[in-house]
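Being a predicted model, the structure only gives us computed values, none of them experimental.
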Amino acid sequence: RPPRCFDNVHGRIVRLPADFGKPAAPSGVPLLMKNAIARSIWDWTKSIGIAFALFLVLRAFVVQTWVITSGSMEGTLLVGDLLILNKVAYGAPVPGTQKRLPGYTDPKRGDIVVFRAAHDTLDVIKRLIGLPGDTLAMESGQLYINGVKQVEPYVRRTSPESNGTHPWMDWQRRFVTSDVDTSRYRPTRDEWGPIVVPDSNYFLLGDNRDESLDSRFWGFLDPARVKGKAAVVYYSYERDGLKPFPWLHVRWDRIGELIR
C-alpha cells in the first residue's frame, strides 16, 4: 500500500508518492562525467596542437636535425652521424618565399653548411671554401686561396692516384682568370683554376676530397640555398653494425662533438 500521512491543515489523511523517503536518483552524474571527459579530451587536444605548432616553428626557424648518409665529409663527419643544424645563425629561410629572417652572423670560410643542391633534389652538406671575390685553384690536390697555400688538417685523401676529368667541370672556363687560355683549359678533380668566385656566390668542397661531388663539378652556390650551419653531433651510430638494428651500435665518443 502507498504510504499515508495526516494533513493537519485540512484535517484529512493524504497519500504520499510511492517513492517518498527513497534517495533521489543521481540523474545529473552521467552528464557531469561526460562534460569532464570532454573537457579533458579538449585540453589534451589543445596541448598536443600547441606542442606540434611549436615544433614546426622551431624546425622551420631555429634548429633542424640532419643525418649523414654519404662519405663526402668523412674525416670530419661520419656516415651515421646525426646533427643539429643551426638555422638562426645565417637567418632561417621563410617557407614558401625567397626571404630570410635576420641572422646574427654571415657565412665564413671554413663553415660546414647544409644547403639544397642545384644539381639534386636533396639537401647536401659541405665545407664553405670560397667567398665572393676569392681566387681559387688546386694543384696536385693542394688548395690555394688568393694565391696562398692552404693548411687543411680536416682534409682526407683516399685515392689521390685516381685523378681525372669530368664533363661537368666545363663550367669553370667561364670563370678562370684572364691569364688562362680557355681553349686549352682542361680541369681535373685535383688540377683546376685559378677561378674567381662571382658576387653573391659560394664555392664548397667536401673534406673527403677524392669522394666528394662538390663545387668543382656542379659550380657555385647561390646563398639563398643555404639552410643553416652544422652545429653539433647529437647522436652517432655505426650504420653497418649490428644489423638489423645498427642504431644500437652507438659511437659514444662522438655524441656532443662540436662541428668545426
Side-chain angles (χ1 to χ4, degrees), residues 55 58-60 62-90 92-93 107-130 138 141-143 150-164 166 168-169 188-190 202-221 225-260:
F55 165 76
L58 289 173
R59 190 179 187 279
V62 182
V63 296
Q64 181 178 339
T65 59
W66 209 78
V67 60
I68 300 296
T69 58
S70 74
S72 69
M73 289 294 291
E74 279 194 356
T76 302
L77 299 171
L78 305 179
V79 174
D81 281 351
L82 278 70
L83 319 177
I84 291 179
L85 179 65
N86 182 352
K87 305 184 79 170
V88 177
Y90 307 143
K108 296 179 177 60
R109 187 182 296 119
D111 285 355
I112 296 178
V113 300
V114 172
F115 56 93
R116 175 55 56 91
H119 66 285
D120 203 339
T121 57
L122 302 175
D123 291 343
V124 181
I125 187 166
K126 303 291 179 189
R127 188 180 296 272
L128 198 160
I129 296 297
M138 186 170 282
Q142 173 63 56
L143 179 67
Q150 300 298 297
V151 177
E152 301 179 289
Y154 44 78
V155 167
R156 179 177 180 179
R157 301 298 305 273
T158 56
S159 53
E161 71 285 349
S162 62
N163 181 35
H166 193 283
W168 281 18
M169 302 184 79
T188 66
R189 184 193 66 187
D190 298 335
Y202 298 139
F203 188 94
L204 301 101
L205 294 174
D207 288 354
N208 189 1
R209 293 285 161 83
D210 300 336
E211 305 293 337
S212 177
L213 183 64
D214 46 39
S215 284
R216 292 172 293 183
F217 301 94
W218 44 255
F220 301 116
L221 179 71
R225 291 184 169 272
V226 175
K227 292 196 167 184
K229 179 180 179 181
V232 64
V233 177
Y234 74 89
Y235 187 76
S236 182
Y237 68 95
E238 187 66 51
R239 192 173 68 172
D240 296 328
L242 295 178
K243 291 182 178 180
F245 305 110
W247 46 270
L248 293 176
H249 193 184
V250 183
R251 302 188 189 107
W252 295 104
D253 60 319
R254 294 190 60 78
I255 295 178
E257 183 173 319
L258 298 179
I259 300 172
R260 298 184 176 88

>> Can you list everything that forms a ring pair (Phe, Tyr, Trp, His ring centres under 6.0 Å) with His166? Sequence neighbours excluded, please.
In response: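 Residues passing ring pair (Phe, Tyr, Trp, His ring centres under 6.0 Å) with His166: Trp168, Phe217.
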
Partner residues of [X] under the salt bridge (charged side-chain N to carboxylate O under 4.0 Å, His left out) criterion, sequence neighbours left out:
{"X": "Arg251", "value": "Asp81, Glu238"}
{"X": "Arg157", "value": "Asp190, Asp210"}
{"X": "Asp214", "value": "Arg216"}

Under the rule for side-chain contact (heavy atoms from CB on, under 4.5 Å), what residues qualify as partners of [X], not counting sequence neighbours?
{"X": "Val124", "answer": "Phe115, Ala117, Lys126"}
{"X": "Ala231", "answer": "Asn86"}
{"X": "Leu258", "answer": "Val232, Arg260"}
{"X": "Ala118", "answer": "Arg225"}

Under the side chain to side chain donor-acceptor pair (under 3.5 Å) test, residues paired with [X] that sit two or more places apart:
{"X": "Gln142", "answer": "none"}
{"X": "Thr158", "answer": "Glu211"}
{"X": "Ser162", "answer": "Ser159, Arg189"}
{"X": "Asn163", "answer": "Thr188"}

> Is the closest side-chain heavy-atom distance between Ile259 and Leu83 below 4.5 Å?
Replying inline: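 Touching, per the 4.5 Å side-chain cut-off.
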
